[in-house]
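Everything below concerns the one structure shown next.
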Amino acid sequence: MGLLIRNIKGLVQVEYDPIIKVCGKDMSGLNIITDAYLFMENGVIADFGEMRGLNSTDIQRFIITDEIDASGKFVFPSFCDPHTHLVYAGSRETEFTDKIRGLSYEDIAKRGGGILNSAKKLHETSENELFEVSMMRVDEIINFGTGAVEIKSGYGLNLQDELKMLKVIRRIKESSPVEVKATFLGAHAIPEEFRNNREKYIDLIINEMIPAVASEHLAEFIDVFCDRGFFTSEETERILMAGIRYGLIPKIHANELYFSGGVQTGVKYNALSVDHLERSGDDEIAVLLGSETMPTLLPGSAFFLGLPDSPARKMIDAGLPVALASDYNPGSSPSGNMKLVISLACIKLKMLPEEAINAVTINSAYAMGLSKTHGSIARGKVANVFITKKMSSYGFFPYAFGSNLIETVVLKGNIV
Ligand code: NIG
Ligand code: FE
C-alpha cells in the first residue's frame, strides 16, 4: 500500500543524513519542509520533499493506494515514549487525595501504599484482564500520537507476577501496531514480606528472576529504582551486573527523590538512559557529558507529585542531549499524553518548542534503542507519523496545551 500525503503545511523533523541523537545547542534546530509531500510504502517512508518537486513524472514512480490532503496541517514523526509503566491493574486515586491532603510519595510508600498497592492489585488480576486494560491504554496513547513505547514490569515483585506482566507486554507487542520495548523492573520496590530481609529479595531478583526473564527473552532492558527508600546505588550495581551478564541493557530510575548516586551508577554500567533526574547538579551533568547515556526527563511525574523540575536548561546548555518520556503509571504520572509532556517541558523545564520536539522524537528513540528506525522523517525509516489539525505554526502545538491537535495517525504506513 502506498500512502501519499500532499500539501503539508510543515513536514517536521526531516532528516537527510540520519543521526542517532541530537545534543546541546543543536537541540534548538529542527528541519522543516514547508508545502511538502510525504510518500509511504510497504510500511516505510519512501520519499518526501517540496510539493513543487512532486511533478507528474515523480508521481508516476509511486503506486498510490491512498491519498490525504493536509492543507493547513503539519505532519510530525510519531512520538517515541521511552519510559512507561502502562501495564498495571486498577488505579490509585485514593492516594491522589491523600497527597492533596499533605502526604508525600515517600510517606505513602512507607505505609505500604504506592508501588506495593499496585502490586497487590496486579496479583489479584488475571493475565487476560491485565492485557485488556493495558491495551486500552495502548490505544489511548496511539491516539495521542505515540508510535513506539517502552513498557516496564515492576508491579509483580515476585517471579510469577513479574513474568505475568512481561507476557502481557509481549502480547501487546504482538497485537498492536505500536513498536514495543520491554524492560524488567523487578527492583521497583522491596515487597512487604522482605522488609526485614532485603538481601533475600535482591538474591531472588539476581538468581531467579533475571535468569527466567532472559531465558524466555521477555525483556531487552533492565531497570532499578535507585532512590531513597528503594534501592541503594550499591544494590543497583549488583542488580545491573547480573542483568548485563544475561544480555540485558541498563536503563535506570535515578535521582527522583534525592541525590542517589544513580546517575553515576548508570553511566558506569553504560546505561542507555538514566531517567527522572529531578535532583541533579554539576556532578551528574559532568558524568553524563563523558558518556553515551541519555538523560531522560519525566516532567509529568514532577508536575503530578509537585517535585522540583529537572534541570533541563542546565543540561542542554552544558551540551547534553535530553529525551522526554511520559512515565505513564498509576502513582506518579497517570497520563501517557506526550503532547502534554512537550507542553510541560516548555512551560516548566524552559525547553524551546524545537528542543522539546527533538526530545520526544529522535532523542527518545535513542533512549529506547530505536533511533536508526524511528524518531524522524527519513527515507527507509518506519512510516510512523501523525497529521495535526489546521495550525498557524508548529509552535502552536506545545502552546495550546489543553487541545487535542492530532487528527490522523499513521503507523507502519497504515491509517489507524
Ligand atoms: O517512575 N519512581 C518509580 N516508579 C514510578 C512510579 C511508580 C508508582 O508509583 O507506581 C515512577 O515515577
Ligand atoms: Fe518510572
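Owing to the predicted nature of the structure, the values given are computational and were not obtained by experimental measurement. Whatever order the structure lists them in is the order used to number ligands and atoms, beginning at 1.
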Exercise. Verify the ring-centre separation between Phe74 and Phe396: is it less than 6.0 angstrom?
Key: no
Practice problem: Dump the intermediate steps for ring-ring contact (aromatic ring centres under 6.0 Å, His included) on Phe397 and Tyr394, then the final yes or no. | Solution: CA-CA 6 Å; Phe397 195 73; Tyr394 67 85; 9.7 Å; no
Quiz item: Would Phe231 and Phe225 count as a close aromatic pair, with their ring centres under 6.0 Å?
Solution: no
Quiz prompt | Inter- and intrachain pairs under ring-ring contact (aromatic ring centres under 6.0 Å, His included), touching residues 289-345, at least two apart | solution = Phe96-Phe304
Quiz item: Do any pairs count as a ring-ring contact (aromatic ring centres under 6.0 Å, His included) and have a residue in residues 109-136, sequence neighbours left out, and if so which ones?
Solution: none
Quiz item: Do Lys390 and Glu407 have side chains that get closer than 4.5 Å, going by heavy atoms?
Solution: no
Self-check item: Count of N, O or S atoms belonging to protein, less than 2.8 Å from the Fe ion (ligand 2)
Solution: 4
Practice problem: Would you confirm whether the ring centroid of Phe48 sits within less than 6.0 angstrom of the ring centroid of Tyr16? | Solution: yes
Every pair of nitrogen or oxygen atoms between ligand 1 and the protein that is under 3.5 angstrom apart - can you list them with their distances to 0.1 Å?
| residue | atom | partner | partner atom | Å |
| --- | --- | --- | --- | --- |
| ligand 1 | 1 (O) | His85 | NE2 | 3.4 |
| ligand 1 | 1 (O) | His253 | NE2 | 2.9 |
| ligand 1 | 1 (O) | His276 | NE2 | 2.9 |
| ligand 1 | 1 (O) | Asp327 | OD1 | 2.9 |
| ligand 1 | 1 (O) | Asp327 | OD2 | 2.8 |
| ligand 1 | 2 (N) | Glu256 | OE1 | 2.7 |
| ligand 1 | 4 (N) | His188 | NE2 | 2.8 |
| ligand 1 | 9 (O) | Arg92 | NH2 | 2.8 |
| ligand 1 | 9 (O) | Tyr105 | OH | 2.5 |
| ligand 1 | 10 (O) | Arg92 | NH1 | 2.9 |
| ligand 1 | 10 (O) | Arg92 | NH2 | 3.3 |
| ligand 1 | 10 (O) | Tyr155 | OH | 2.6 |
| ligand 1 | 12 (O) | His276 | NE2 | 3.3 |
| ligand 1 | 12 (O) | Asp327 | OD2 | 2.9 |
| ligand 1 | 12 (O) | Ser332 | OG | 2.5 |

Self-check item: Donor on one side chain, acceptor on other, Ser104 and Glu106, under 3.5 Å
Solution: no
Exercise. Indicate whether the side chain of Arg111 and that of Asn117 have a donor and an acceptor atom separated by less than 3.5 Å.
Key: no
